[in-house]
There are 2 protein chains.
Amino acid sequence: MRKRGGGQPLYEQIADTLREQIRQGEYVPGQRLPPEAELLAHHGVSLMTMRRTLALLREEGLIATRRGMQALVRAQPVRRRVTLSAGSRLIGRMPSAPERQQLGLERGVPLLEIHCSDGTIEVVGADQVEVVQPFGTG
Amino acid sequence: MRKRGGGQPLYEQIADTLREQIRQGEYVPGQRLPPEAELLAHHGVSLMTMRRTLALLREEGLIATRRGMQALVRAQPVRRRVTLSAGSRLIGRMPSAPERQQLGLERGVPLLEIHCSDGTIEVVGADQVEVVQPFGTG
DNA sequence: CTTGATTTGTACGTATGTATT
DNA sequence: AAATACATACGTACAAATCAA
């Protein structure tokens, strides 16, 4: 149970704690967090505050939540390699909800627009991409 | 005022409408959306549903919200140009809340990690960056 | 500069729907 | 079929930032 110290909202304080626990390996990718009910009881907050915490971590791409299942710590996905051709540009942004659905992306996954020199635009989830140069070492 | 047609949540339906209105220029960058109270009355939903709609658009980077002010339609920021050196890699992801604060990023702005071949890592907000190759035309 | 009105942010409570186990 | 668990959606109250008088 926390108080409102430091002017930081409760849901951010709890998010800090969970983020640190995940970083330290208390929860590893593929593992599930405890149920909401358990988490909120442990931290002494309401359901809404707990859900806001989880929403924050989901936005960050740290966890994935699905109906009927406890929150899952997200694994580092295998990245697809994309080669930037000469003159191509790359823009990062968040997808709109329709784009997210169309591309099959989870919440918290940014989107990369690769504007190729031939005018074509390739759009992919940013967590699936590793960009290298055509003459890159990788 | 909508019903639950198509199985799509209310807040997504309303977000679709607002997104389209912004796309069509009914609200231009720098302009403010109507107050929450007005929006929720117009769409016939509760405060929570309206706030969820705005949260979605904020995550997408389409609007920015601040306490005491109506939601602002975000302008396309001037992009900083970053040159990828040979062997460098680029990863896109969402910043954690502390990173967001440290980098002074708004919610909804992804982050780009540029792993340079010399081992240094440059971290910047994705909406501030345009990536080009050293021999690029741009 | 201070006051007050407006507006969003945070937080709690409750009920129902729906997917998973 | 039943229990578990997250998603959606309504309602309420107070705090804090902004802006105008």
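Here is the naming used below: chain letters follow the sequence lines, and residue numbers restart at 1 for every chain.
Nucleotide dA9(D) holds its C1' atom 13 Å from the CG atom of Leu40(B), rounded to whole Å. If you take CD of Glu36(B) and P of dC10(D), they are 14 Å apart, rounded to a whole angstrom. Rounded to an integer number of Å, the gap from CG of Leu10(B) to C1' of dG11(D) is 16 Å. Atom CG in Leu72(B) sits roughly 17 Å away from atom C1' in dG9(C) (whole-Å rounding). Rounded to whole angstrom, the span from the CD atom of Glu12(B) across to the P atom of dT8(D) amounts to 7 Å. Atom CE in Met50(A) sits roughly 14 Å away from atom P in dA5(D) (whole-Å rounding). Across the protein-nucleic acid pair, Gln13(B) atom CD and dT8(D) atom P stand 12 Å apart, rounded to whole Å.
Considering only side-chain N and O atoms, Thr49(A) lies under 4.0 angstrom from the phosphate OP1 or OP2 of dC12(C). Close to dT10(C), at under 4.0 Å from its OP1 or OP2, lies a side-chain N or O of Tyr11(A). Of the side-chain N and O atoms in Arg67(A), none sit less than 4.0 angstrom from OP1 or OP2 of dG17(C). Phosphate proximity of dT21(C) to Arg32(A): present, with a side-chain N or O under 4.0 Å from OP1 or OP2.
Leu18(A) CG to His43(A) NE2: the interatomic distance, rounded to the nearest 0.5 Å, is 5.0 Å.
A heavy atom lying under 4.0 Å from DNA chain D marks the following residues of residues 51-59 of chain A, by number: Arg51(A), Arg58(A).
Hydrophobic clustering of Ile, Leu, Val, Met, Phe, Trp and Tyr side chains at less than 4.5 Å, counting indirect connections, keeps Met50(B) apart from Leu56(B).
Of all nucleotides listed (dT8(C), dC10(D), dT18(D)), dT8(C) comes nearest to the side chain of Gln70(B). Here the side chain of Arg66(B) is nearest to one of dG9(C), dT8(D), dT18(D), namely dT18(D). Considering only the side chain of Met69(B), dT18(D) comes nearest among dA9(D), dC10(D), dT18(D). In this structure, the nucleotide among dT18(D), dC6(D), dC12(C) sitting nearest to the side chain of Thr65(A) is dC6(D). Nearest to the side-chain atoms of Ser46(A) among the listed nucleotides dT10(C), dC12(C), dA9(D) stands dC12(C).
Looking only at side-chain heavy atoms (C-beta outward), Arg32(B) and Met69(B) come within less than 4.5 Å of each other.
For Gln13(B) (side chain) and Gln8(B) (main-chain N/O), a donor-acceptor pair under 3.5 Å exists by modelled atom type.
Each of Glu38(B) and Leu47(B) was matched to the nucleotide of DNA chain C holding its nearest heavy atom; the match closer to the 5' end belongs to Glu38(B). Residues Pro34(B) and Gly68(A) each lie close to DNA chain C; by heavy-atom proximity, the contact nearer the 5' end of the strand is made by Pro34(B).
Between Arg19(B) and Glu99(A) there is no salt bridge, since none of the side-chain N atoms of the basic residue sits less than 4.0 Å from a carboxylate O of the acidic one.
Within a 6.0 Å sphere centred on CD of Gln31(B), heavy atoms belonging to other residues, nucleotides or ligands number more than 12.
Here dA1(D) sits opposite no nucleotide as a Watson-Crick or G-U wobble pair (both hydrogen-bonding atom distances under 3.5 Å).
Residues forming a side chain to side chain donor-acceptor pair (under 3.5 Å) with Arg67(A) (at least two apart in sequence, or on another chain): none.
Among the heavy atoms of the strands lying under 4.0 Å from Met48(A) is at least one base atom, whether or not backbone atoms are also near.
The hydrophobic cluster of Val28(B) has no other members, since no ILVMFWY side-chain heavy atom comes under 4.5 Å of it.
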